[in-house]
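To keep things clear, I will list the structure first and then write my remarks on it.
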Amino acid sequence: MKTSNLPNYADLDFNLDFANFNPEDIEVDETINAVFVIDTSYSVSSYINDLNQAFNDFTDSMQSSHIADKLFVSIIEFSGDVNVTSGFRPVPSIPQMDFSKKLGGWTALYDAVYTGLKNALDYRENLENSGVETKTLLFIITDGEDNSSKNPPQKVKSLIDKLRKEERNAFSFTTVLFGLGDQANFKKAQKDMGIEHLAQIGTSGEEIKKMIGFISQSISSVSAGKQALAPVF
Amino acid sequence: MQVHQLLKRGENHKDFCEDFVMAYDLSERYSIYGVFDGCSSGLESHFASALIAKIFRAELQFLEPDSFENTKEALNRAMLHGIESLSSVRNNLLLETDELLSTIIVFLVDKIEMSGDIMAIGDGFISINGQMHKIEQNNQPDYLAYYLDQINTFEDYESWLSEHVLQFNIPQIIDVTISTDGIHTFQKLNNKDYEQNAPYPLDFLIRDEYMIDNKTMLSRKCNILRTKFGFTHQDDIGIIRIKNNSPKLIQNGTISSYFAEG
């Protein structure tokens, strides 16, 4: 498989390689691009097994669904560092995940969201240039406030604002912040980054399952030509 | 052999796409392709184009093209039977003439010989190995439905065939396209946000080789024309493009010489 032209991240020094799927090898004319930005700081240890289970159930069910050929998934894990676990790949090629492998001490939330978002937008542009229409959903899953990013949240916001100014993007781009637990001011993070929806949920296995269930439904809804669902928990 | 197909609703049609595209393998050897353009001033013309396509396909399935000497003979016989079936369906469903108005371009392909025959009733567009045929009827297509009551004998049929139907024999398929007339309705939005060095839509869709190995080539090219260059098609579009990718053909240089001459 070939890699696409990578965007210029020299100024951020993230040392990333997205290895997105080559647009010219895609055999559909519309894709759903789902980005998962997942917090793997130490504080998530208490629910990481539930998250692994729910996420892997999600990929299992999507891999056998009717939208498997048009669902592309990118995974960003972050603690103090931002790790691009996967650039955009067709969901059938997403392996079973274990988010406990890269647990770390800090929370570079803004850097991680910026990284995932910038790649999503660059890839979206590449797809459009090769005739593939794209709907993008960005899901951020975190239990804490940012404490180590090099980038301010406004950098994320300005990317989202710029995108929203174009009419054709209005219904094809959705961002959701899932705030797990009650240890952080998620509303402020949402507002500062310009994230469209905020869902605050608990950290029990049941609630994590519910969150992933919502993500599945949201992807199916977008695939059927409807708007992404607003999270209600 | 690569078969690309596209069916898209035009900007001017709010509810239905009135065109229809048919692609069907009849046997190991034969395939039938067709594009149908329902009349916008007719009644529920999306139904007319789909109905005619399915009747015609069924007739070819019953007839078994392998039992005929050539594709032209099989096509002519299928059309004769198709007319009988269409008349019968019209009577059974109490349909009026303006509920059956659709142009017809059908292409029967012999996949072993890589040859075929095309039959066109009404307007549309055909490109045979670089030679383009715009079938223009001043926006008043000569629909088959007008003649259903007049074709009662084999002689009537032969007379209608010679006077109202265009037929093309293709001894060797290299790159052949059949299309409804929507392909001529691309309009460029006057907006400086779009790139200016735009390709000519017709060439881009039916001659250009970009993404030729990708089964969504036509649909993606339509998207590129819209999002990058600001082209939208006002009328519905139905296109079938068949490209012969036989290694023998490429070795002989036939494809490159065709494009140089084209």
Side-chain angles (χ1 to χ4, degrees), chain A residues 1-5 7 20-33 65-72 88-93 120-136 159 161-173 222-226, chain B residues 2-9 11 14-17 21 23 183 186 189-233 236-241 243 245:
Chain A
M1 290 182 189
K2 302 167 225 168
T3 56
S4 65
N5 293 332
N20 294 320
F21 195 75
N22 186 348
E24 290 193 8
D25 291 340
I26 294 174
E27 296 229 327
V28 290
D29 58 3
E30 181 190 84
T31 63
I32 313 291
N33 293 356
S65 84
H66 67 286
I67 61 167
D69 60 342
K70 63 177 180 177
L71 176 58
F72 283 64
F88 284 102
R89 320 289 308 167
V91 72
S93 67
L121 299 187
D122 288 340
Y123 192 55
R124 185 181 169 98
E125 193 179 339
N126 286 340
L127 289 178
E128 280 184 357
N129 284 339
S130 71
V132 178
E133 295 188 337
T134 304
K135 291 169 181 165
T136 307
L159 274 184
D161 288 348
K162 193 177 160 200
L163 185 81
R164 292 216 173 281
K165 273 184 191 158
E166 285 186 55
E167 191 188 343
R168 67 197 167 100
N169 294 324
F171 299 109
S172 65
F173 189 82
V222 165
S223 161
K226 299 172 194 162
Chain B
Q2 290 161 318
V3 180
H4 296 281
Q5 52 179 301
L6 174 76
L7 180 63
K8 280 211 168 187
R9 186 161 55 89
E11 291 286 311
K14 298 291 173 217
D15 299 319
F16 295 108
C17 174
V21 165
I183 200 167
F186 278 95
L189 296 171
N190 196 10
N191 184 329
K192 62 179 185 212
D193 290 343
Y194 295 112
E195 289 186 26
Q196 294 306 305
N197 55 341
Y200 180 47
L202 190 80
D203 271 349
F204 190 49
L205 293 170
I206 70 153
R207 290 169 63 109
D208 179 88
E209 302 265 307
Y210 177 52
M211 283 194 294
I212 196 75
D213 294 326
N214 193 308
K215 66 180 180 184
T216 57
M217 182 261 289
L218 287 173
S219 172
R220 286 173 66 171
K221 281 184 172 175
C222 259
N223 290 342
I224 290 171
L225 285 169
R226 189 184 67 249
T227 57
K228 217 169 164 183
F229 300 107
F231 276 109
T232 55
H233 50 96
D236 306 331
I237 296 187
I239 304 176
I240 298 265
R241 178 177 171 183
K243 182 96 196 325
N245 53 0

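Note that this is a predicted model, so its numbers are computed, not measured. The chains referred to below are lettered A, B, ... by the order of the sequence lines, with proteins before strands, and numbering in each begins at 1.
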Heavy atoms from other residues, nucleotides or ligands near OH of B:Y210 exceed 12 (cutoff 6.0 Å):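 Above 12, so yes.
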
Item to complete: State whether the number of non-hydrogen atoms from other residues, nucleotides or ligands found under 6.0 Å of B:K8 atom NZ is greater than 12.
Response: yes

[X] side chain near [Y] side chain, heavy-atom distance below 4.5 Å:
X	Y	answer
B:N223	A:D29	yes
A:I26	B:R220	yes
A:E24	B:N214	no

Rounded to the nearest 0.5 Å, how far does [atom2] of [Y] lie from [atom1] of [X]?
X	Y	atom1	atom2	value
B:K228	A:S130	NZ	OG	9.0 Å
A:E27	B:M217	CD	CE	12.0 Å
B:S219	A:E133	OG	CD	7.5 Å

